[in-house]
Protein chains: 2
Amino acid sequence: MSDLLERLRGRGWRMTAQRRVVAEVLDGDHVHLTADEVHARAVAKLPEISRATVYNTLGELVALGEVLEVATDRRAKRYDPNAHRPHQHLVCARCGAIRDVHPSGNPLADLPASERFGFTVEGVEVTYRGVCPNCAAA
Amino acid sequence: MSDLLERLRGRGWRMTAQRRVVAEVLDGDHVHLTADEVHARAVAKLPEISRATVYNTLGELVALGEVLEVATDRRAKRYDPNAHRPHQHLVCARCGAIRDVHPSGNPLADLPASERFGFTVEGVEVTYRGVCPNCAAA
DNA sequence: TGCTTGACTTAGACAAAGTCCATTGTAGGA
DNA sequence: TCCTACAATGGACTTTGTCTAAGTCAAGCA
């Protein structure tokens, strides 16, 4: 987990208590947290941290490629620390639970040139939607 | 275009001026409008229509399957009247322009059972991201 | 160790998108 | 035509996120 902190320091990050706490929250927990949840957990470790700092720090982590932004619903963005292995998401339509999944195949290859309309296509996001076992049982 | 109105009436929709106007806005224009843009166009036809009504009506159209919600960015949801032909979206990372595209292949089939974690998978959304010709030229 | 500096943090105001609710209006059936 | 349940209104409210001006502090340097 200090891997992440090391990498950040290596990139010239000025290391502050706030940034360390945000990085630790994400690094210690491989789930998909909203900015607000990150803030709540950060506050538990460092009560005086502000919302703006959490947003700033998350934005910086995303820009550095250490964390992915995931927008699976209309509500809050979520932050996915699993940025180093390409993956897609499977979302429960009822409770919003998110799992990382690794489909076979390459969806980029499925878009023929005739369907690209002159765009330079750079990436693709795939979101599978369904109902998780818990919700199905209930 | 009265097709849509007919279908809605057949489903027991109470036809009001407001609903007709919202349906016409979407039906007449095969682009991807935000709720606010729909409201603006509806106001042009019926000045006293309220924002809440536009949201309600869009929500009902989505529930009836006549219109798709598209959440391609963190900002406003967009509404896609092209609900009857399955398709995916290609989004410009700079200007936000959206094109409907029809990839070959079936991404649902690319998710093996071992990657479904007990979920009942019901659908999949694919969003291609790139740069449109206009933005690339600029 | 103790300055200095500019990057970082803070609190709170602000903005955008959307929801809620009490009241008022009206479509469509009797 | 009258009723009544369903729909519309508008304004307050919520959620998520951004911005800014002022204060703070990490890290390099003497």
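Lettering follows sequence order; numbering is per chain, from 1.
When the ring-ring contact (aromatic ring centres under 6.0 Å, His included) test is applied to His39(A), no partner is found at least two apart in sequence or on another chain. Listed by chain and residue number, Glu66(B) satisfy the salt bridge (Lys or Arg N to Asp or Glu O under 4.0 Å) test with Arg11(B) (two or more places apart in sequence, or in another chain). Arg14(B) meets the side chain to side chain contact (heavy atoms under 4.5 Å, CB included) test with Arg19(B); sequence neighbours excluded. A search for side chain to side chain contact (heavy atoms under 4.5 Å, CB included) contacts involving Ala35(A) returns Tyr55(A), Leu58(A), Tyr79(A), not counting sequence neighbours. In terms of the side-chain hydrogen bond (donor to acceptor under 3.5 Å, both in side chains) criterion, residue partners of Asp80(A) (sequence neighbours excluded) are, by chain and number, His32(A), His87(A), His89(A).
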Could you please spell out the steps behind the salt bridge (Lys or Arg N to Asp or Glu O under 4.0 Å) verdict for Glu69(A) and Lys77(A)?
CA-CA 6 Å; Glu69(A) 252 178 29; Lys77(A) 283 183 269 196; 3.7 Å; yes

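Contacts of residues 8-16 of chain A with DNA chain C (heavy atom under 4.0 Å): Arg14(A), Thr16(A).
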Please enumerate all protein N or O atoms sitting under 3.5 Å from an N or O of nucleotides 28-30 of chain D, with distances to 0.1 Å.
none

Identify all side-chain donor-acceptor contacts of residues 43-53 of chain A below 3.5 Å with residues at least two apart in sequence or on another chain.
| residue | atom | partner | partner atom | Å |
| --- | --- | --- | --- | --- |
| Ser50(A) | OG | Thr53(A) | N | 3.3 |
| Ser50(A) | OG | Thr53(A) | OG1 | 3.2 |

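Under a 4.5 Å side-chain heavy-atom criterion applied to ILVMFWY residues, the cluster that includes Val121(A) comprises Leu90(A), Val101(A), Leu108(A), Leu111(A), Phe117(A), Phe119(A), Val124(A), Val126(A), Tyr128(A), Leu90(B), Val101(B), Leu108(B), Leu111(B), Phe117(B), Phe119(B), Val121(B), Val124(B), Val126(B), Tyr128(B) as well. The hydrophobic side chain of Leu68(B) is isolated, with no ILVMFWY side chain under 4.5 Å apart from it. The hydrophobic cluster containing Ile98(B) also includes Val91(B), under a criterion of side-chain heavy atoms closer than 4.5 Å among ILVMFWY residues, counted directly or through chains of members.
With rounding to whole Å, Arg20(A) atom CZ is found 15 Å from dT9(C) atom C1'.
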What does the B/S/- profile of nucleotides 10-22 of chain C look like, 5' to 3', with a 4.0 Å heavy-atom cutoff to protein?
BB----SSBBB--

